[in-house]
Amino acid sequence: MATQTQGAGQPPAAVQKLLRAIPKVDDVLLWFEGATAPAALIKAAVREVLAARREEILAGRLADAAALKREQLLPQIEERLAEKLRPKFRTVINATGVVIHTNLGRSLLPPAAMAPLLAVGTHYANLEFDLATGKRGSRYSLVEELLCELTGAEAALVVNNNAAAVLLVLETLAAGREVIVSRGQLVEIGGSFRIPEVMAKSGAKLVEVGATNRTHLRDYEGAITEATALLLKVHTSNFRMIGFTKEVALADLTALGAARGIPVMEDLGSGSLIDFSRYGLAKEPTVQETIAAGADVVTFSGDKMLGGPQAGLIVGKRAIIDRVKQNPMNRALRIDKFTLAALEAVLRLYFDEEAAVRTIPTLAMLTMPLAAIERRARRLSRRLGKSLADRGTVALVRTSSRVGGGSLPEMELSSCGLAVTPRKMSVNELERRLRAATVPVIGRIENDCLLLDLRTVADDEIAALAATLIEVFGRSGE
Ligand SMILES: *Cc1c(COP(=O)(O)O)cnc(C)c1O
């Protein structure tokens, strides 16, 4: 009688029988004799599929022993195996229109960076070897001169990313002492990078001054004590305060710092080497302007508006940069040879601003004329032709792209794209299928359409994008 009270649904005897019908792992492995896939992956795929069936039996969701036959299990295992064999880190088509898309890898490198990357990947290089003296060299010196020439700074250092740069500089200059920051600049960047928390990790004590919306020079002045190590300005790159606001100009802050013998740092975030306002974007301070305004140390990202590899660039006065270089923490935050190779190639392009804007993808996409984006949209539309038939409609639409990466948040870049409306599946299903495609396509859902913004789709991706759309709609009748 106990059998009646145990387990919902299937009586235990039937469950036991089904469980016994699951083939043994070793027996299933025989189905794969001669297969070329790594044995460990085959075994894992077999185990996972068998375990999933076991779960279903125990949950009462599998009641037919036919589901445990080779004809049923083999395709499931093969599919699982194919998934395991496919690279996890893959390229996608960014049709979101967000140029510096942190989740999709931020900046794309220019063609000029490819040969150096390949070369240092396949050959030994003078990473830490001084070719002039034959002695140990410093990896930082390889791009230091370039950074100084481009920014007007006395010295430079590059670390893993800008978050690391900020942490390293704060730890070097202010551990155990005080750093004065305006309340309006205690920003969160995303991915849990918050100025107060980074400050705490560095061992420096945050001294907040001013009000959220207004900070005056006298606020900084009044907060200076014996313990003050640094005046910090954080560029509020990812939000904008409007209305009754006041920030102290960097030049005023550096004058105060100089008078009181306290260094001034600016965390520029997505620091840029060119003035984007010349190309119709909002005015942002360039790194050169920040150095010229007297900042002692400036930090910025390599892969935001600069359009290079992930890196944290630190430029400023020699005495300060020298101290930062000697910090043992520096070793833990150092960049690798690939980053250095790509960064040098990107920096060199900046000596010719016109070439930089044309060939550095982030810059080219940010400054791309609407007519060029529209041409791309028309090309995609032509390629699709009538292939979606009655399964969906495609319309050429005006939209706006975003800079992304927490840069110029309020800036809307006039753009062009295709609005795709599926007829036989939901727009959410379309979005899911595009993500699951061989070359995943990431768009955005807007007004019940899937919007593909062509600003961030390269010319050589149009054919693949069209093919993916056709493939995904082809299966919609199923
Ligand atoms: C983006 C940003 C950072 C962090 O830079 P990462 O390169 O992402 O580490 C720090 N400060 C500011 C102001 C930023 O905008």
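As the structure lists them, so they are numbered: ligands from 1, and atoms in each ligand from 1.
Heavy-atom separations between Val166 and ligand 1 are all 4.0 Å or longer. Heavy atoms of Lys304 come nearer than 4.0 angstrom to ligand 1 in at least one pair.
Between Glu471 and Arg433 there is no salt bridge, since none of the side-chain N atoms of the basic residue sits less than 4.0 Å from a carboxylate O of the acidic one. Between Arg379 and Asp459, at least one side-chain N (NZ, or NE/NH1/NH2) sits under 4.0 Å from a carboxylate O, which counts as a salt bridge. In this structure, Glu344 pairs ionically with Arg348, as a charged nitrogen and a carboxylate oxygen lie closer than 4.0 Å. Salt bridge present: Glu429 and Arg432 bring a charged side-chain N and a carboxylate O closer than 4.0 Å.
Only the backbone of His235 comes within contact range of ligand 1, with a heavy atom under 4.0 Å; no side-chain atom does. With a heavy-atom cut-off of 4.0 Å, Arg106 touches ligand 1 through its side chain alone.
A donor-acceptor contact shorter than 3.5 Å links the side chain of Gln288 to the backbone of Leu273.
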Pairs of donor and acceptor atoms involving the side chains of residues 311-324, under 3.5 Å and at least two apart or interchain, shall be tabulated with distances.
unit_1, atom_1, unit_2, atom_2, d
Lys317, NZ, Asp296, OD1, 3.1
Arg318, NH2, Glu154, O, 2.9
Arg323, NH2, Thr172, O, 3.4

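Residue Ala163 has at least one nitrogen or oxygen atom sitting less than 3.5 Å from a nitrogen or oxygen atom of ligand 1, judged on distance alone. Between Asn162 and ligand 1, an N or O atom pair is found at a separation short of 3.5 Å. For Ser301, a nitrogen or oxygen atom sits less than 3.5 Å from a nitrogen or oxygen atom of ligand 1, counting backbone and side chain alike.
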